[in-house]
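We're numbering straight along the sequence, starting at 1. Values below: every heavy atom of this structure, side chains too, minus hydrogens, waters and symmetry copies.
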Amino acid sequence: MSTAPDTAPAASAPDPKRGGGDEEQQKLPRFALLALATAVFITCLTETLPAGLLPAMSEDLRVSQSATGQTVTVYAIGTALTAIPLTAATAGWQRKKLLLTAMAGFALANTVTAVSSVYELTMVARFVAGVAAGLAWALLAGYARRLAPVHLQGKAMAIAMAGIPVALSLGVPAGTFLGDWLGWRVAFLSMTALTVVLLVWIFAGVPDFPGQARGERPKLLRTLTIPGVSPVLFVTLVFVLAHTILYAYIASYLKDLGLEGHTGLILLVFGAASLASIWIVGAQINRRLRGLTVGGALLVAVASLILAVLSDTTALVYVAAVLWGLGWGGVPTLLQTAVGDAGGESADAAQAMLVTLWNVAMAGGGIVGGILLDTLGSESFPWAVVLLLLPVLAVVLYARKAGFPAARPGAGAVEEQAEAEEEAVVPAS
């Protein structure tokens with residue numbers, strides 16, 4: 001779950017003399033950015049929705065919960081296998097056409113998932129959804145960047161990527177409640193309905209941009225030799241693997257704790273904390289990139305330790321959900337920013353590789369989690385997360401010069417430019 005930005009220049013900022021009002025409102029096309037945020041929401045929720053519906057889906061499809069958990073795995077495999085080749089094959093497409101195609105794929109896949117009673121057909125539909133995600137994730141952050149001038153690109157990406165914590169804080173719990181009330185199929189059909197609305201929204205309200213010319217397309221393997229890129233990709237692979245092992249099977253884990261009726265509320269708490277996390281990261285990322293990444297890993301590790309040794313106390317399970325959300329919510333933004341900064345002129349190639357590894361990790365999390373569930377039981381999940389986060393912390397601390405610097409390169413200059421332009425629109429007293 002990450003994105004590959006386009007390399008074309010951002011949209012030029014309007015002249016502040018042409019109209020009054022807030023400068024940022026003039027420069028950020030919020031209607032279009034909210035459409036992208038909704039696309040991110042649909043992509044993220046389609047991927048994670050089975051986590052809250054696992055027991056019901058398992059019973060209806062007449063397979064084990066670990067087998068049903070592979071609906072998350074096959075989605076991630078679809079993205080991992082196709083993100084790079086499809087991104088390369090469609091690099092010359094107009095951006096709006098590509099986004100519409102990707103979202104139409106979600107509408108189709110979620111509809112088939114909702115009506116299927118055959119496990120194998122459901123898995124095919126989930127794979128198709130993953131392919132659509134490969135197209136979407138290789139496009140969305142770059143689209144957001146191109147809609148904004150340079151000094152507001154971070155805020156534009158934060159608005160677009162807000163779809164991730166909203167999906168976690170509202171979407172998955174709402175889907176879980178809806179599934180418990182009307183059945184899990186209704187939850188997936190609701191996703192189709194929302195996607196249809198979004199297709200109209202994108203067609204009517206999102207500007208188009210050209211694709212990349214042949215000479216501008218990235219050389220992926222060469223990007224690995226750029227200092228800082230490999231450490232970020234390693235952290236992405238292992239951190240996402242750790243998170244997915246627990247998250248993909250959270251309903252099964254809570255059921256084994258006797259908290260099956262708390263799943264929706266715990267996911268809501270986790271997601272609300274994720275929203276707070278992405279706000280904190282958005283405000284501090286320019287000056288505290290490494291510190292925020294270390295802090296995120298530590299919070300997730302502490303949350304996992306609480307679940308490992310103190311899960312017999314319901315209140316502490318909720319505390320762990322808060323810490324987990326605070327640690328995880330800003331991670332996508334941190335890793336996207338880190339790999340983009342490290343990649344420099346090859347940022348698009350670096351982010352395309354991040355997309356692939358992110359989804360390899362999600363597929364691996366589904367597989368490893370299923371094996372752990374069948375062999376050691378769900379109580380092994382938090383310990384697995386803690387063990388995996390140890391090398392994550394080591395690499396982040398080691399890659400202090402390239403990959404995870406304390407502050408983003410040129411952060412001070414960008415902030416000074418933003419402050420100067422804000423002062424330019426304040427009327428003289």
Side-chain angles (χ1 to χ4, degrees), residues 47-59 61 63-74 76 168 172-173 175-176 179-180 184 237-271 273-274 296-329 331 361-393:
E47 186 169 30
T48 57
L49 189 57
L53 303 171
L54 211 57
M57 290 180 67
S58 172
E59 182 178 352
L61 295 172
V63 294
S64 67
Q65 291 189 31
S66 60
T68 308
Q70 302 316 305
T71 58
V72 176
T73 303
V74 75
L168 297 175
V172 175
T176 302
D180 291 342
W184 65 270
L237 178 66
V238 181
F239 205 157
V240 175
L241 175 65
H243 166 78
T244 305
I245 286 172
L246 181 57
Y247 192 84
Y249 294 93
I250 189 64
S252 298
Y253 176 77
L254 293 174
K255 182 179 180 180
D256 291 344
L257 290 180
L259 297 175
E260 184 175 8
H262 293 250
T263 301
L265 186 56
I266 288 172
L267 287 172
L268 181 63
V269 169
F270 166 81
S274 295
L298 286 174
L299 284 171
V300 176
V302 171
S304 299
L305 281 173
I306 292 174
L307 292 176
V309 301
L310 299 171
S311 59
D312 54 339
T313 303
T314 301
L316 289 178
V317 174
Y318 279 91
V319 170
V322 171
L323 296 177
W324 184 13
L326 286 173
W328 175 255
V331 166
M362 291 203 67
I367 294 170
V368 173
I371 293 171
L372 290 174
L373 181 63
D374 289 340
T375 57
L376 300 177
S378 63
E379 64 272 14
S380 64
F381 294 160
W383 290 112
V385 174
V386 173
L387 290 174
L388 287 168
L389 287 178
L390 294 177
V392 166
L393 285 165

Residue pair [X] / [Y], side-chain heavy-atom distance below 4.5 Å:
X	Y	value
Leu388	Ile245	yes
Leu307	Phe381	no
Val240	Tyr247	no
Thr244	Val368	no
Ile367	Ile371	yes
His243	Val385	no

Could you tell me the separation between the [atom1] atom of [X] and the [atom2] atom of [Y], rounded to the nearest 0.5 Å?
X	Y	atom1	atom2	answer
Asp374	Ser66	CG	OG	3.5 Å
Ile250	Thr263	CD1	OG1	7.5 Å
Tyr253	Leu259	OH	CG	9.0 Å
Gln65	Leu373	CD	CG	7.0 Å
Leu305	Leu298	CG	CG	10.5 Å
Thr68	Trp184	OG1	CH2	9.0 Å

(message) Can you tell me how the ring of Phe270 sits relative to the ring of Trp324, calling it parallel under 30°, perpendicular over 60° and tilted otherwise?
(response)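 Rings of Phe270 and Trp324: tilted, 30 to 60°.
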
Nearest heavy-atom neighbours spanning [X] and [Y]:
X	Y	result
Ser378	Asp256	OG-OD2, 2.7 Å
Thr314	His262	CG2-CE1, 4.1 Å
Leu241	Gly365	CD1-N, 3.3 Å
Ala321	Ala273	O-CB, 4.5 Å
Ser311	Leu257	OG-CD2, 3.6 Å
Glu47	Val72	O-CG2, 3.8 Å

(message) Working note: Phe239 + Val300, criterion side-chain contact (heavy atoms from CB on, under 4.5 Å); need CA distance, chi angles, decisive distance, verdict.
(response) CA-CA 10 Å; Phe239 205 157; Val300 176; 4.2 Å; yes

Please check if the side chain of [X] supplies one atom and the backbone of [Y] the other of a donor-acceptor pair under 3.5 Å.
X	Y	value
Glu59	Pro55	no
Ser58	Leu54	no
Tyr249	Gly366	yes

